[in-house]
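These notes are about the structure you will find just below.
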Amino acid sequence: MDQGGRSAGEPAVTIDQIAAGLRELGLDRASTVLVHSSLSAFGHVDGGAEAVAGALVDVCGTVVVPADTWDATGLPAPPGLERPWNAYWNAATWAEHDEAVDRAAAFAPDLPVDREMGAVPEAVRLGHPHLRTTHPLKGFVATGERAADVVGVQTLDDPLAPIDAVAEAGGDVLLLGVGHTSSTTIHLAEQRLGRGRFHRYAKVGPGAWAELPNIPGESHRFDELEPALRPRTREVRVGRARLRRTSVADVLGAARAAVVADPLALLCDDAGCRCAAAWHGQEPVAPTG
Ligand SMILES: [Zn+2]
């Protein structure tokens, strides 16, 4: 989805236009941004994902991108291990599980970022000095002066902690051509509200696997936060893409308000999806705090 198709007669988007768009959003060297992006949403970008990554790193002091590695490291649950409302599948036999472990790669800092994150995070990783978390599934890459603060707070049982660090830096969620369904910050709000979360499994060394807790659920209905966030969002258009900037604090606040008002908010009612499992695993939501 991220090759950046060109339509007839449409001029290519340049790195300078992307940088200008970011500055128009008020971003500068003091900014810390958590970026979710789709290269193809821009139309054709001259220089591709490297140009988007270059504009981000040029304009913003600290750039954080998701750097998940499920494609390489992810495993089924082992046979017989049951977790309530975990919405996942078990290998049928230990032989099947062993095969999956053999096929997977153990987490390593040079693993590519999952394609689902789009092409930009991988371009940040390959093209710019950065620090990377070591969680075997839910990773982040950060460049710039606050990179150590952001990456350093993650633990195996608190994979979304880097987003807290972005919030503490007064940072923003930056959506480049994607919707709120890509916004992991809303998952952090759900976790703080006690909404059910999941155990997942990854290869962590030769023949070795681990169970990782506190993995977030689905985001099918996160775009329903748009009306609440719109007054707190700055937006520009570059090429065909909407670029939206909202503070992490505002995203957390809007998600919290939605779930306090309706404990089923932001969850779809498909009984087969992780939304339902998150609901069943949810603790009562406290209206304060
Ligand atoms: Zn769902």
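Order of listing sets the numbers, starting from 1, for every ligand and every atom in it. What's counted below: heavy atoms across the whole structure, side chains too, no hydrogens, waters or symmetry copies.
Remark: Arg83 fails to qualify as a cation-pi partner of Tyr88 under the 6.0 Å distance and 45° angle criteria applied to the six-membered ring.
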- Task: For the pair Met117 and Asp68, evaluate side chain to side chain contact (heavy atoms under 4.5 Å, CB included) and give the outcome as yes or no after the intermediate values.
- Result: CA-CA 8 Å; Met117 309 287 110; Asp68 296 10; 3.7 Å; yes
- For side chain to side chain contact (heavy atoms under 4.5 Å, CB included), just list the numbers for Phe140 and Leu34, CA-CA rounded to whole Å, side-chain angles, deciding distance to a tenth of an Å, and then say yes or no. CA-CA 10 Å; Phe140 293 91; Leu34 171 59; 4.2 Å; yes
- Task: Would you check, one step at a time, whether the test side chain to side chain contact (heavy atoms under 4.5 Å, CB included) holds for Leu243 with Arg245?
- Result: CA-CA 7 Å; Leu243 277 50; Arg245 173 193 178 190; over 6 Å; no
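Under the 4.5 Å side-chain criterion, counting only non-hydrogen atoms from C-beta, Arg192 is not in contact with Val259.
Protein atoms of type N, O or S found under 2.8 Å from the Zn ion (ligand 1) total 4.
For Arg274 and Glu190, the salt-bridge test fails: no basic side-chain N is under 4.0 Å from an acidic carboxylate O.
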